[in-house]
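Keep in mind that the numbers below use all heavy atoms, side chains included, and drop hydrogens, waters and symmetry copies. Chain A is the first sequence line, chain B the second, and so forth, proteins listed ahead of strands; every chain is numbered from 1.
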Amino acid sequence: MPELPEVQTVVSQLKKRLWGAQIVKFTIYDKQKINLPRQIKHRTIADIVRCAKYVVIVLSAPNKKDVYLAIHLRMTGQLLISRDHKAACLNKSRVDFYTERGILQFCDVRRFGTISYAKINSFARSELEPLEKGFTVERLHALLIASRCNLKSFLLNQNKLVGVGNIYAAEILHRAQLSPKKLCLTLSKKQIIVLQQSIQRVLKEAIKNRGTTISDYRDTDKSRGKFQNRLRVYGREGKACARCSSIIKRIKQGGRSTYYCPDCQYK
DNA sequence: CTCGGAGCCTGTCTGC
DNA sequence: TGCAGACAGGCTCCGA
């Protein structure tokens with residue numbers, strides 16, 4: 001599920017609802033895969049930020065250094081805020097964090113998601129954030145010429161540019177009219193400019209629409225995103241391209257589905 | 001360095 | 001209706 005726009009939506013909501021709240025207690029249900037230290041109890045949520053696709057919760061305590069909880073939602077992870085114990089019982093949760101403002105629940109059917117504890121914010125890695133100032137045409141150009149892979153693999157590689165996943169990679173390339181099979185090395189300066197703009201525009205538009213709900217993604221209120229209504233290629237195999245009316249194709253790249261229009265993404 | 005495949009998990013959908 | 005197999009938004013590890 002969640003790529004940058006979904007994680008950003010969740011982070012914004014969490015910040016609005018839980019900023020300054022104290023963790024009164026927490027209960028781990030999935031003890032097989034999740035382990036958290038007792039020290040996080042009685043700490044205050046001093047901040048909630050997004051680092052790549054991680055939700056990072058900053059926990060403070062008087063006269064102590066901050067500690068960090070980093071949550072990665074992977075495929076089916078959800079962070080829900082429930083008003084009380086009764087409401088929380090309706091959700092199958094892996095961890096519940098009780099605060100005076102509600103219960104933060106980490107739900108995750110496939111259990112691929114992770115939640116980890118650290119004394120430093122090691123999750124704010126140095127890779128390029130597509131919506132920050134540092135994401136310039138020049139930086140993107142430098143990364144592209146150093147890559148021997150195709151554009152789809154490049155966009156999915158979180159060691160280069162963070163936040164883009166399978167859905168948005170497809171949408172970004174369609175918007176930029178670039179083939180997912182095209183080698184990064186072969187982009188012209190003009191195409192790099194278009195790609196850089198497409199990445200930012202698609203991600204910003206998706207954030208405005210509160211993300212994409214295909215099946216599992218929900219925000220903290222269990223509401224669905226809206227960007228699925230604006231998808232131009234993802235999940236639209238066999239349908240007409242909105243730009244040129246050709247039939248949208250699906251191929252496999254690195255074991256994952258890639259949707260694209262063979263006519264207007266030929267370059 | 002890059003690629004493809006397997007693995008981590010469970011639920012849902014498809015076709016026989 | 002039942003069942004096997006394919007597939008799903010992410011990421012990491014392995015061998016090639």
Gap between atoms [atom1] and [atom2], on [X] and [N] respectively (whole Å):
| X | N | atom1 | atom2 | result |
| --- | --- | --- | --- | --- |
| A:Asn159 | C:dC13 | CG | P | 11 Å |
| A:Leu183 | B:dC3 | CG | C1' | 13 Å |
| A:Asp108 | C:dA8 | CG | P | 18 Å |
| A:Met75 | B:dT12 | CE | P | 15 Å |
| A:Glu127 | C:dG10 | CD | P | 17 Å |
| A:Glu237 | B:dT14 | CD | P | 13 Å |
| A:Arg111 | C:dC11 | CZ | C1' | 17 Å |
| A:Leu156 | C:dC11 | CG | P | 9 Å |

So what does [X] hit on the nucleic acid, given a heavy-atom distance under 4.0 Å: a base, only sugar-phosphate, or nothing?
| X | value |
| --- | --- |
| A:Lys92 | nothing |
| A:Asn150 | sugar-phosphate |
| A:Tyr168 | nothing |
| A:Thr114 | nothing |

Establish, with yes or no, whether the OP1 or OP2 oxygen of [N] is under 4.0 angstrom from a side-chain nitrogen or oxygen of [X].
| X | N | answer |
| --- | --- | --- |
| A:Lys252 | C:dA8 | yes |
| A:Gln158 | C:dG10 | no |
| A:Arg250 | C:dA8 | yes |
| A:His72 | C:dC11 | yes |
| A:Ser257 | C:dA8 | yes |

Stacked pair A:Phe112-B:dC8, distance under 5.5 Å, angle under 30°: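 Taking the rule of under 5.5 Å and under 30°, the ring of A:Phe112 does stack on B:dC8.
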Using the C1' atom as the reference point in each nucleotide, state the distance between B:dC8 and C:dC3 in Å, no decimals. 24 Å
Considering only atom P, compute the distance from B:dA6 to C:dG5 and round it to an integer number of Å. 15 Å
Assess whether one donor atom and one acceptor atom, taken from the side chain of A:Arg110 and the base of B:dC9, lie less than 3.5 Å apart.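 Checked by distance alone, the answer is yes.
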What nucleotide, of [options], holds the atom closest to the side chain of [X]?
| X | options | result |
| --- | --- | --- |
| A:Glu3 | C:dG10, B:dT10, B:dC3 | C:dG10 |
| A:Val109 | B:dT2, C:dG10, B:dG11 | B:dG11 |
| A:Lys33 | B:dT2, C:dA8, B:dC9 | B:dC9 |
| A:Arg148 | B:dC1, B:dC3, C:dG10 | B:dC1 |

Quick one: closest heavy-atom pair of A:Val7 and A:Lys53, and the distance?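 Answer, listing the atom of A:Val7 first, then A:Lys53: CG2-O, 3.6 Å.
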So do the side chains of A:Leu155 and A:Tyr168 get within less than 4.5 Å of each other, counting heavy atoms only?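 Side chain of A:Leu155 against side chain of A:Tyr168, heavy atoms only: no contact under 4.5 Å found.
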Answer for the Watson-Crick or wobble partner of B:dC9, both distances under 3.5 Å, is none
Given A:Glu205, which of A:Lys226, A:Arg232, A:Arg230 fulfils the salt bridge (Lys or Arg N to Asp or Glu O under 4.0 Å) condition? A:Arg230
List the steps and the verdict of side chain to side chain contact (heavy atoms under 4.5 Å, CB included) for A:Ile40 and A:Phe97. CA-CA 10 Å; A:Ile40 62 174; A:Phe97 297 94; 3.8 Å; yes
Pick the closest DNA chain B nucleotide for A:Gly255 and for A:Lys160 by heavy atoms, then say which residue is nearer the 5' end.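 Looking at DNA chain B, the more 5' nearest nucleotide goes with A:Lys160.
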Compute whether any side-chain donor of one residue and acceptor of the other, for A:Thr76 and A:Asp108, lie under 3.5 angstrom apart.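 Short answer, yes.
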Quick one: do the A:Tyr29 and A:Gln105 side chains pair a donor with an acceptor below 3.5 Å? no
With a 4.0 Å cut-off, would you call A:Lys25 and A:Asp96 a salt bridge?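 No, this pair does not count.
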